[in-house]
Amino acid sequence: QVQLMESGGGSVQAGGSLRLSCVTSELTSNTYYMAWFRQAPGKEREGVAGFYSGSGDTYYADAVKGRFTISQDDAENTLYLQMNSLKVDDTAMYYCAAAIGAFLPGSPLNDGVYTFWGQGTQVTVSS
């Protein structure tokens with residue numbers, strides 16, 4: 001059972017930055033996808049950024065391209081999301097997710113393809 005734990009959320013003014021971390025228990029494979037999702041009150045959960053370990057490919061939602069960066073530290077079993085130029089619309093609960101294997105039955109930013117989820121960390125951006 002893969003366990004994920006997010007941290008790094010908080011309150012920040014628009015234009016500021018935050019870095020989210022997601023510590024994972026040891027993954028059972030060297031090939032996996034991981035991603036960050038977010039869910040604002042009254043809205044559906046949406047994919048923000050994804051990462052594929054096999055190639056190092058990254059994936060971003062249009063809303064965050066150029067502002068957010070997903071990265072991974074293998075040695076620390078940690079996935080990061082660097083968020084810059086934050087906007088009020090970025091306010092949400094942020095979750096990390098993992099899927100083991102090289103094949104996903106859908107987009108890496110589709111929450112339905114992920115098996116393991118963290119509990120989330122809140123990000124609040126004020127104007």
Side-chain angles (χ1 to χ4, degrees):
Q1 182 77 4
V2 177
Q3 295 181 329
L4 310 174
M5 182 174 293
E6 304 93 337
S7 63
S11 297
V12 64
Q13 288 192 321
S17 298
L18 283 173
R19 189 177 77 158
L20 304 184
S21 300
C22 174
V23 177
T24 68
S25 59
E26 187 171 349
L27 297 170
T28 56
S29 169
N30 290 327
T31 306
Y32 52 86
Y33 285 83
M34 292 193 71
W36 288 96
F37 289 82
R38 66 186 182 187
Q39 188 168 22
K43 294 187 177 181
E44 293 187 354
R45 186 163 55 190
E46 62 175 349
V48 174
F51 169 84
Y52 174 50
S53 69
S55 62
D57 285 350
T58 56
Y59 313 87
Y60 294 96
D62 288 344
V64 306
K65 279 181 184 175
R67 301 190 297 121
F68 290 11
T69 303
I70 188 171
S71 62
Q72 187 208 31
D73 184 330
D74 256 344
E76 298 294 329
N77 288 338
T78 303
L79 183 75
Y80 297 103
L81 184 67
Q82 178 67 44
M83 306 187 295
N84 298 328
S85 302
L86 282 162
K87 303 177 180 179
V88 172
D89 286 349
D90 294 320
T91 295
M93 185 70 80
Y94 283 71
Y95 301 89
C96 69
I100 305 301
F103 174 73
L104 282 184
S107 164
L109 297 184
N110 180 337
D111 62 357
V113 306
Y114 289 91
T115 307
F116 305 104
W117 291 85
Q119 295 299 308
T121 186
Q122 177 69 37
V123 172
T124 303
V125 185
S126 59
S127 59

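Residue numbers count from 1 along this sequence. Nothing here was measured: the structure is a model prediction, and the numbers come from that model.
Expressed to the nearest 0.5 Å, how far CG of Asp57 lies from CZ of Phe51 amounts to 9.0 Å. Interatomic distance, OG of Ser85 versus CZ of Arg67, reported as 7.0 Å (0.5 Å rounding). Atom OH of Tyr114 sits about 5.5 Å away from atom CG of Leu104, to the nearest 0.5 Å. To the nearest 0.5 Å, atoms CD (Glu44) and CD (Glu46) are separated by 9.5 Å. Between Lys65 atom NZ and Tyr60 atom OH the span is 10.5 Å, to the nearest 0.5 Å.
When all heavy atoms of Pro108 and Ala35 are compared, the pair lying nearest together is O-CB, 3.9 Å. Scanning all heavy atoms of the two residues, the minimum distance from Ala99 to Val113 falls at CB-O, 3.6 Å. Pairing each heavy atom of Gln39 with each of Lys43, the nearest pair is NE2-O, 3.1 Å. A pairwise comparison of heavy atoms in Leu86 and Met83 identifies CD2-CB, 3.8 Å as the closest pair. Between Ala40 and Ala92, the shortest heavy-atom contact is N-CB, 3.8 Å.
When atom types are taken as modelled, the side chain of Glu6 and the backbone of Gln119 share a donor-acceptor pair closer than 3.5 angstrom. Not a single donor-acceptor pair under 3.5 Å links the side chain of Thr124 to the backbone N or O of Ser11. Although no hydrogens or angles enter the test, the distance criterion places no donor-acceptor pair under 3.5 Å between the side chain of Thr91 and the main chain of Asp89. Judged purely by atom type and a 3.5 angstrom limit, Ser25 uses its side chain to pair as donor or acceptor with the backbone of Gln3. Side chain of Ser53 to main chain of Asn30: a donor-acceptor pair is present (N/O by atom type, distance under 3.5 Å, no hydrogens or angles).
Here the side chains of Ile70 and Tyr80 are not in contact, with every heavy-atom distance at 4.5 Å or above. Val48 is listed as a side-chain neighbour of Leu81, based on a closest heavy-atom distance under 4.5 Å. No side-chain heavy atom of Tyr33 sits under 4.5 Å from any side-chain heavy atom of Ile100. Within the 4.5 Å cutoff, the side chain of Leu4 has heavy atoms near those of the Met34 side chain.
Classification of Lys87 and Asp90 as a salt-bridged pair fails, no side-chain N sitting under 4.0 Å from a carboxylate O.
For the ring-ring contact (aromatic ring centres under 6.0 Å, His included) with Phe37, the lone residue among Tyr94, Tyr59, Trp117 that qualifies is Trp117.
Screening residues 111-127 for salt bridge (Lys or Arg N to Asp or Glu O under 4.0 Å), with sequence neighbours left out, gives Arg45-Asp111.
Few gaps surround CE on Met93; more than 12 heavy atoms of other groups in view lie less than 6.0 Å from it. Residue Gln122 places its CD atom among more than 12 non-hydrogen atoms of other residues, nucleotides or ligands, all under 6.0 Å distant.
The hydrophobic clustering, which links ILVMFWY residues whose side-chain heavy atoms are closer than 4.5 Å, places Tyr95 and Trp36 apart. Leu109 and Tyr52 fall within the same hydrophobic cluster, where Ile, Leu, Val, Met, Phe, Trp and Tyr residues are linked whenever their side-chain heavy atoms come under 4.5 Å apart, directly or through other members.
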Name each donor-acceptor pair under 3.5 Å that joins a side chain in residues 16-24 to protein atoms two or more places apart or in another chain, with its distance.
unit_1	atom_1	unit_2	atom_2	d
Ser17	OG	Asn84	OD1	2.9
Thr24	OG1	Asn77	O	3.3

